[in-house]
Amino acid sequence: MRLTYIYPQEENLWDNLEWRCYTPARAINRNGRHTANLLPLHEFINRTPEAERICERSDVLIVYRNLWGKALSVIQHWMAHGKVVVADFDEAYPLIPPSSQDYSFWNQGEVGEVDKITPSPLVQFKWGLQMSHSITVSTKRLADDWKAYNQIEVIPSFLDLEKYQELETEPHDGIIFGWSGKSNQFRTLLESGVIEALKQVCMIRPWVRLLICSDFEFKPNLLDIPADQLLFQQYSGGKNWPRPLSYFDIGLVPLCSDFDQRLGSEKILEYMAMKIPWVATQSAAYHELRNCGWMVENSVGAWQRVLLDMVDHYQDYKLEASQVPYLFSLGQSIDENIQHVMGIYAKIIDNSQTLIKR
């Protein structure tokens with residue numbers, strides 16, 4: 001089987017692309033039974049000679065997220081030429097909160113100060129889902145949301161373990177709580193109650209620090225945490241990721257909105273692969289991981305109690321993280337699961353051929 005992952009090149013999507021396109025493509029090629037290509041979206045929609053060659057030789061074209069504009073007509077072209085097209089995505093775009101900078105793009109089609117996409121990307125995205133042979137998503141909640149649009153399959157985001165196992169923990173004083181996320185996820189950090197809880201923990205335990213890893217320009221006074229207890233690592237395009245994880249002692253995974261509830265377990269899987277104890281918001285999204293970490297209700301008091309306990313008994317939590325959670329993460333390796341992934345694509349091909357015969 002020959003697959004081609006077609007991906008947009010926006011820098012702010014680097015982590016989505018790593019999990020949904022680059023990682024599975026590497027694993028498919030490592031496995032050797034099948035082959036995978038990576039094709040930039042702009043080459044696909046402009047039908048460059050290289051793009052035409054790659055698509056012509058592919059059995060399945062997997063289009064990540066950008067189902068609007070010229071991409072739709074090119075998808076139709078290749079479907080007419082017998083190619084199986086799969087739409088893949090990993091976020092709940094209709095549930096993006098109005099406070100997010102992405103809201104106006106998806107719902108009003110606003111691009112910069114002048115350009116506008118009409119109809120909106122969200123409307124065209126739904127057309128693309130219905131047009132494709134099948135949909136693949138990262139979580140069951142997303143599958144439940146979109147099952148009326150097309151045949152839909154869940155392909156979780158799996159770990160490329162080698163990237164994490166080669167990292168050594170960086171020596172440092174005290175205990176560092178770590179959070180990573182995009183600028184549009186920062187509001188969740190504030191609204192969950194974890195920041196207010198951390199303010200109290202930092203006062204009570206002055207050797208505790210918070211490390212924030214994000215893509216925005218951070219202002220130290222934004223969180224009202226003492227400057228000597230607040231660290232920031234700006235990453236751009238994932239060039240130095242996952243190296244900052246080597247400084248994390250305890251990982252933070254707060255959730256708030258309905259949008260958050262559809263997110264996958266990627267951050268938690270990274271922590272478990274690095275044997276980092278983690279604490280997350282109590283949520284159905286992480287139900288299957290409840291025995292691999294620690295979960296709290298979104299209240300300042302609940303967060304504070306758990307964070308203090310983790311600080312005061314850190315070695316116990318660290319030992320526990322190196323056992324069941326770490327072993328669980330090994331089972332979430334992309335190389336361990338690549339045959340399952342390829343089985344789903346084989347099923348999609350079979351179903352598409354059945355539809356054609358009808």
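Values reported hereafter were calculated over all heavy atoms of this structure, with side chains retained and with hydrogens, waters and symmetry mates removed.
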**Asked** Regarding Glu270 and Trp241, is there a side-chain donor-to-acceptor distance under 3.5 Å anywhere?
**Response** yes

**Prompt:** If you measure only the distance, is there a donor-acceptor pair under 3.5 Å linking the side chains of Ser138 and Arg20?
**Reply:** no

**Message:** Nearest 0.5 angstrom please: Tyr5 OH to Ser58 OG, how far?
**Reply:** 11.5 Å

**Prompt:** So which of Asp312, Ile276, Asp309, Val279 actually passes side chain to side chain contact (heavy atoms under 4.5 Å, CB included) with Tyr317?
**Reply:** Asp309

**Request:** Heavy atoms only: give me the nearest Glu56-Lys83 pair and the separation to one decimal.
**Result:** O-NZ, 2.6 Å

**Asked** How about Met342 and Met1: do any of their side-chain heavy atoms sit closer than 4.5 Å?
**Response** yes

**Message:** Given Ser329, which partner from the list Ile268, Val324, Leu159 fulfils the side chain to side chain contact (heavy atoms under 4.5 Å, CB included) test?
**Reply:** Leu159

**Asked** Taking 4.0 angstrom as the limit, do Arg65 and Asp88 come out as a salt bridge?
**Response** no

**Item:** Check ion pair Glu153-Lys347 (N to O, under 4.0 angstrom)
**Value:** yes

**Prompt:** Quick one: which of Tyr64, Phe105, Trp106, Trp68 gives a ring-ring contact (aromatic ring centres under 6.0 Å, His included) with Phe125?
**Reply:** Trp106

**NZ/NE/NH1/NH2 to OD/OE distance under 4.0 Å, Lys116 and Glu110** = no

**Prompt:** Looking at side-chain heavy atoms only, is the closest gap between His34 and Asn29 below 4.5 Å?
**Reply:** no

**Asked** Under 6.0 Å between ring centres, would you say that holds for Trp278 and Phe248?
**Response** no

**Prompt:** Could you go step by step and tell me if Asp249 and Arg209 meet the salt bridge (Lys or Arg N to Asp or Glu O under 4.0 Å) rule?
**Reply:** CA-CA 10 Å; Asp249 292 311; Arg209 289 178 288 173; over 6 Å; no

**Prompt:** Hey, does the side chain of Arg290 reach the backbone of His287 with a donor-acceptor pair shorter than 3.5 angstrom?
**Reply:** yes

**Heavy-atom neighbours of Tyr247 OH exceed 12 at 6.0 Å** = no

**Request:** Starting from the C-alpha separation in whole Å, work towards a yes-or-no answer on side-chain contact (heavy atoms from CB on, under 4.5 Å) for Met272 and Tyr326.
**Result:** CA-CA 5 Å; Met272 292 196 292; Tyr326 176 67; 5.9 Å; no

**Request:** Answer yes when Lys199 and Glu196 have at least one side-chain N-carboxylate O distance shorter than 4.0 Å, and no when they do not.
**Result:** yes

**Asked** Quick one: are Thr35 and Ile28 in side-chain contact, heavy atoms under 4.5 Å?
**Response** no

**Asked** Side chains of Asp173 and Trp207: does their closest heavy-atom pair fall under 4.5 Å?
**Response** no

**Min side-chain heavy-atom separation Leu39-Cys55 under 4.5 Å** = yes

**Request:** Working to the nearest 0.5 Å, report the span between CG of Leu129 and OH of Tyr149.
**Result:** 7.5 Å

**Message:** Could you check whether any side-chain N or O of Ser333 sits under 3.5 Å from a backbone N or O of Leu330, counting only pairs where one atom can act as donor and the other as acceptor?
**Reply:** no

**Prompt:** Sub-3.5 Å donor-acceptor pair from the side chain of Gln229 to the main-chain atoms of Val208, do we have one?
**Reply:** yes

**Item:** Gap between atom OG1 of Thr281 and atom CH2 of Trp303 - 0.5 Å precision
**Value:** 4.5 Å

**Single-linkage hydrophobic cluster Leu319~Met310, side-chain heavy atoms < 4.5 angstrom** = no

**Message:** By the definition side chain to side chain contact (heavy atoms under 4.5 Å, CB included), identify the one residue from Val300, Asp224, Leu210 that meets it with Ile195.
**Reply:** Leu210

**Leu13 side, atom CG; Asn66 side, atom CG - distance, nearest 0.5 Å** = 7.0 Å

**Item:** Ion pair check, Glu50 and Arg53, cut-off under 4.0 Å
**Value:** yes

**Message:** Using the rule given for side-chain contact (heavy atoms from CB on, under 4.5 Å), can you reason through Leu142 versus Glu91, listing the C-alpha separation, both sets of side-chain angles and the distance that settles it, and then say yes or no?
**Reply:** CA-CA 8 Å; Leu142 283 175; Glu91 294 181 334; 5.9 Å; no

**Request:** Answer yes or no: is there a donor N or O on one side and an acceptor on the other, between the side chain of Ser299 and the main chain of Ala302, under 3.5 Å?
**Result:** yes

**Prompt:** Hey, is Glu18 close enough to Arg26 for a salt bridge, meaning N to O under 4.0 Å?
**Reply:** yes

**Asked** Above 12 or not: heavy atoms from other molecules or residues under 6.0 Å from CG of Asp228?
**Response** yes

**Message:** Working note: Ser265 + Leu289, criterion side-chain contact (heavy atoms from CB on, under 4.5 Å); need CA distance, chi angles, decisive distance, verdict.
**Reply:** CA-CA 9 Å; Ser265 306; Leu289 301 175; 3.6 Å; yes

**Message:** Can you tell whether the side chains of Arg141 and Asp145 come within less than 4.0 Å, N to carboxylate O?
**Reply:** no

**Request:** Would you check if the side chain of Asp59 reaches a backbone N or O of Arg2 as a donor-acceptor pair within less than 3.5 Å?
**Result:** yes

**Message:** Would the distance check show the side chain of Ser214 and the main-chain N or O of Gly181 forming a donor-acceptor pair, the cut-off being under 3.5 Å?
**Reply:** yes

**Prompt:** Are any non-hydrogen side-chain atoms of Leu190 and Leu223 less than 4.5 angstrom apart?
**Reply:** yes

**Request:** Please confirm whether the backbone N or O of His42 pairs with a side-chain atom of Asn46, one donor and one acceptor, at under 3.5 Å?
**Result:** yes

**Pair Met203-Gln200, side-chain contact (heavy atoms from CB on, under 4.5 Å): steps then yes or no** = CA-CA 5 Å; Met203 282 196 300; Gln200 300 301 317; 3.4 Å; yes

**Prompt:** Closest approach of Ala321 and Pro325, non-hydrogen atoms and distance?
**Reply:** O-CB, 3.7 Å

**Item:** Donor-acceptor contact present, side-chain Ser283 to main-chain Ala285, <3.5 Å
**Value:** yes

**Atom of Ala143, atom of Val137 and distance for their closest heavy-atom approach** = N-CG2, 3.7 Å

**Complete:** So CD of Gln261 and OG1 of Thr139: to nearest 0.5 Å the spacing works out to 10.5 Å

**Prompt:** What are the two closest non-hydrogen atoms of Leu211 and Pro244, and how far apart are they?
**Reply:** CD2-O, 4.2 Å

**Prompt:** For Leu95 and Phe259, which heavy atoms make the closest approach, and how far apart are they?
**Reply:** O-CB, 3.5 Å

**Prompt:** Are side-chain N/O atoms of Ser120 and Gln108 paired as donor and acceptor at under 3.5 Å?
**Reply:** no

**Asked** Any donor-acceptor pair under 3.5 Å linking the side chain of Asn37 with the backbone of Ala51?
**Response** no

**Message:** I want to check something: taking the side chain as every heavy atom from C-beta on, are Gln234 and Asp215 in contact at a cut-off of under 4.5 Å?
**Reply:** no

**Request:** Give, for atom CG of Leu3 and atom CG of Leu61, the distance between the pair rounded to the nearest 0.5 Å.
**Result:** 9.0 Å

**Message:** Side-chain heavy atoms nearer than 4.5 Å, only ILVMFWY residues, links allowed to pass through others: does that put Leu161 and Leu167 together?
**Reply:** yes

**Message:** On a heavy-atom basis, which atom in Ala197 and which in Leu307 lie closest, and how many Å separate them?
**Reply:** CB-CD1, 4.3 Å

**Message:** Side chains of Asn298 and Gln282: any donor to acceptor distance under 3.5 Å?
**Reply:** no

**Message:** Using a 3.5 Å distance criterion without hydrogens, assess whether the side chain of Arg262 forms a donor-acceptor pair with backbone atoms of Asp258.
**Reply:** yes

**Item:** Asp335 side chain near Phe158 side chain, heavy-atom distance below 4.5 Å
**Value:** no

